[in-house]
Asker: 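Can you read through this structure? Questions will come right after.
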Amino acid sequence: MNEQPEVTDIRGWHAHVYFDEASIDQARALCEQAAEQFPDLIKGRVHEKPVGPHPDWSCQLAFRAELFEQVIPWLTLNRGGLTVFIHPITGFDLIDHRDRAIWMGSVRPLNLSALPETSVVYDL
């Protein structure tokens with residue numbers, strides 16, 4: 001078992017909506033609807049290539065911890081079959097992506113070598 005640093009605070013969350021050429025319009029619409037539904041959520045760029053640890057095209061939705069109970073149920077009901085990879089932001093990127101992830105849909109193989117042990121400060 002991997003030894004993990006003690007963490008007492010989740011600063012926020014990232015939800016990465018995965019898609020491909022056939023589902024890009026659906027993913028764009030979902031991410032735009034999320035940004036409209038939750039004005040404090042930050043919608044990232046729509047990447048039409050794998051970026052960082054993500055094996056598929058993706059769009060990141062970033063939000064504060066307080067929004068979890070609203071955003072996650074909304075994504076659950078509205079993702080329309082798209083895979084969504086969700087992880088906390090605790091300051092430990094590798095552990096957050098590897099050990100603390102939540103998946104909606106198919107679990108995809110992440111490129112964990114692209115992640116630092118600790119994270120940068122995310123704007124939420």
Side-chain angles (χ1 to χ4, degrees):
M1 180 171 206
N2 297 328
E3 188 163 327
Q4 298 183 8
E6 182 178 341
V7 174
T8 59
D9 185 39
I10 294 176
R11 299 176 194 148
W13 295 86
H14 284 167
H16 302 272
V17 177
Y18 288 173
F19 55 91
D20 58 20
E21 189 173 345
S23 57
I24 188 170
D25 291 338
Q26 178 189 359
R28 281 186 197 277
L30 177 68
C31 292
E32 288 172 15
Q33 290 169 1
E36 289 172 13
Q37 182 76 22
F38 306 102
D40 291 336
L41 176 144
I42 300 168
K43 179 182 135 334
R45 291 187 301 270
V46 175
H47 296 284
E48 295 182 39
K49 64 180 182 179
V51 174
H54 307 289
D56 301 314
W57 299 3
S58 64
C59 180
Q60 175 181 281
L61 304 174
F63 50 96
R64 293 186 326 275
E66 301 83 47
L67 290 176
F68 183 90
E69 67 187 47
Q70 296 169 32
V71 174
I72 298 307
W74 186 90
L75 281 171
T76 300
L77 296 175
N78 292 281
R79 69 183 181 87
L82 293 171
T83 294
V84 182
F85 169 66
I86 305 153
H87 66 84
I89 301 167
T90 67
F92 297 94
D93 267 359
L94 178 60
I95 293 169
D96 290 347
H97 285 74
R98 183 188 65 208
D99 302 334
R100 299 177 176 143
I102 300 168
W103 288 91
M104 292 182 193
S106 302
V107 175
R108 303 287 294 127
L110 299 176
N111 176 9
L112 296 175
S113 68
L115 294 170
E117 289 282 333
T118 58
S119 59
V120 297
V121 177
Y122 292 103
D123 183 23
L124 296 173

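The first residue of the sequence shown is numbered 1, and numbering continues consecutively from there.
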Asker: Hey, does His54 have a side-chain heavy atom less than 4.5 Å from the side chain of Ser58?
Answerer: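 When only atoms from C-beta onward are counted, His54 and Ser58 do touch, with a gap below 4.5 Å.
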
Asker: Nearest 0.5 Å, please: how far is CD in Gln60 from NZ in Lys43?
Answerer: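 It comes to 11.0 Å.
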
Asker: Rounded to the nearest 0.5 Å, how far apart are CD1 of Ile10 and CD1 of Ile89?
Answerer: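 Going from CD1 on Ile10 over to CD1 on Ile89, the span is 10.0 Å.
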
Asker: Where is the tightest heavy-atom contact between Leu67 and Asp40, given as atom of each residue plus distance?
Answerer: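 It is CD1-CB, 3.9 Å.
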
Asker: With a 4.5 Å cut-off on side-chain heavy-atom distances among I, L, V, M, F, W and Y, is there a chain of contacts connecting Leu115 to Val51?
Answerer: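 No.
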
Asker: Listed by chain and number, what are the side-chain contact (heavy atoms from CB on, under 4.5 Å) partners of Glu66, not counting sequence neighbours?
Answerer: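 Glu66: side-chain contact (heavy atoms from CB on, under 4.5 Å) contacts with Arg64.
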
Asker: Do the side chains of Cys59 and Arg45 get nearer than 4.5 Å, heavy atoms only?
Answerer: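 They are not in contact (no side-chain heavy atoms under 4.5 Å apart), so the answer is no.
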
Asker: Between Ala15 and Leu75, what is the shortest heavy-atom contact and its length?
Answerer: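 Closest approach of Ala15 to Leu75, heavy atoms only: CB-CD1, 3.8 Å.
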
Asker: His16 vs His14 aromatic rings, parallel, tilted or perpendicular, using cut-offs 30° and 60°?
Answerer: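 His16 and His14: perpendicular rings.
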
Asker: Side-chain donor-acceptor pair under 3.5 Å between Ser113 and Asn111, yes or no?
Answerer: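 Distance-only check passes for Ser113 and Asn111.
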
Asker: Got Ile72 and Met104 here, is their nearest side-chain heavy-atom distance under 4.5 Å?
Answerer: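 Touching, per the 4.5 Å side-chain cut-off.
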
Asker: Taking all atoms of both residues into account, what is the closest heavy-atom pair of Gln70 and Pro73, and its distance?
Answerer: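 Scanning both residues, the minimum pair turns out to be O-CD, 3.5 Å.
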
Asker: Is the shortest heavy-atom distance from the side chain of Leu41 to the side chain of Val71 under 4.5 Å?
Answerer: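 Sidechains of Val71 and Leu41: in contact.
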
Asker: Taking the six-membered ring for Trp, is the centroid-to-centroid distance between Tyr18 and Trp57 below 6.0 Å?
Answerer: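 No, the ring of Tyr18 stays outside the 6.0 Å limit from the ring of Trp57, centre to centre.
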
Asker: Indicate yes or no: at least one non-hydrogen side-chain atom of Leu61 is less than 4.5 angstrom from one of Val17.
Answerer: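 Answer yes - side chains close enough.
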
Asker: Taking all heavy atoms of Asp96 and all of Pro88, pick out the closest pair and write down the distance.
Answerer: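 Closest heavy-atom pair between Asp96 and Pro88: OD2-O, 3.0 Å.
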
Asker: Any side-chain donor paired with an acceptor under 3.5 Å for Thr90 and Arg100?
Answerer: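 There is such a pair (donor and acceptor under 3.5 Å, judged by atom type) between the side chains of Thr90 and Arg100.
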
Asker: Examine distances only and state if a side-chain atom of His97 and a backbone atom of Asp93 form a donor-acceptor pair shorter than 3.5 Å.
Answerer: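 Judged by distance alone, yes, a pair lies under 3.5 Å.
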
Asker: Should Val107 and Leu112 be regarded as members of a common hydrophobic cluster, given that ILVMFWY residues are connected when their side-chain heavy atoms come within less than 4.5 Å of each other, either directly or indirectly?
Answerer: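 In one cluster with Val107: Leu112, yes.
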
Asker: Within the structure provided, determine whether Gln26 and Phe19 are in side-chain contact (heavy-atom separation under 4.5 Å).
Answerer: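 When only atoms from C-beta onward are counted, Phe19 and Gln26 do not touch, as no gap falls below 4.5 Å.
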
Asker: Is there a side chain to side chain contact (heavy atoms under 4.5 Å, CB included) between Arg108 and Trp103 once you walk through the steps?
Answerer: CA-CA 9 Å; Arg108 303 287 294 127; Trp103 288 91; 3.8 Å; yes

Asker: Could you check Trp13 against Ile102 for side chain to side chain contact (heavy atoms under 4.5 Å, CB included), going step by step and ending with a plain yes or no?
Answerer: CA-CA 11 Å; Trp13 295 86; Ile102 300 168; 4.1 Å; yes

Asker: Phe63, Phe85: one ILVMFWY side-chain cluster at the under-4.5 Å cut-off?
Answerer: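 The answer is no; the residues belong to distinct hydrophobic clusters.
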
Asker: Taking the side chain as everything from C-beta on, heavy atoms only, tell me whether Leu110 gets closer than 4.5 Å to Pro55.
Answerer: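 Yes, at least one pair of side-chain atoms sits under 4.5 Å.
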
Asker: Are Leu82 and Ser23 close enough, and set up right, to give a side chain to side chain contact (heavy atoms under 4.5 Å, CB included), and what steps lead you there?
Answerer: CA-CA 8 Å; Leu82 293 171; Ser23 57; 3.8 Å; yes

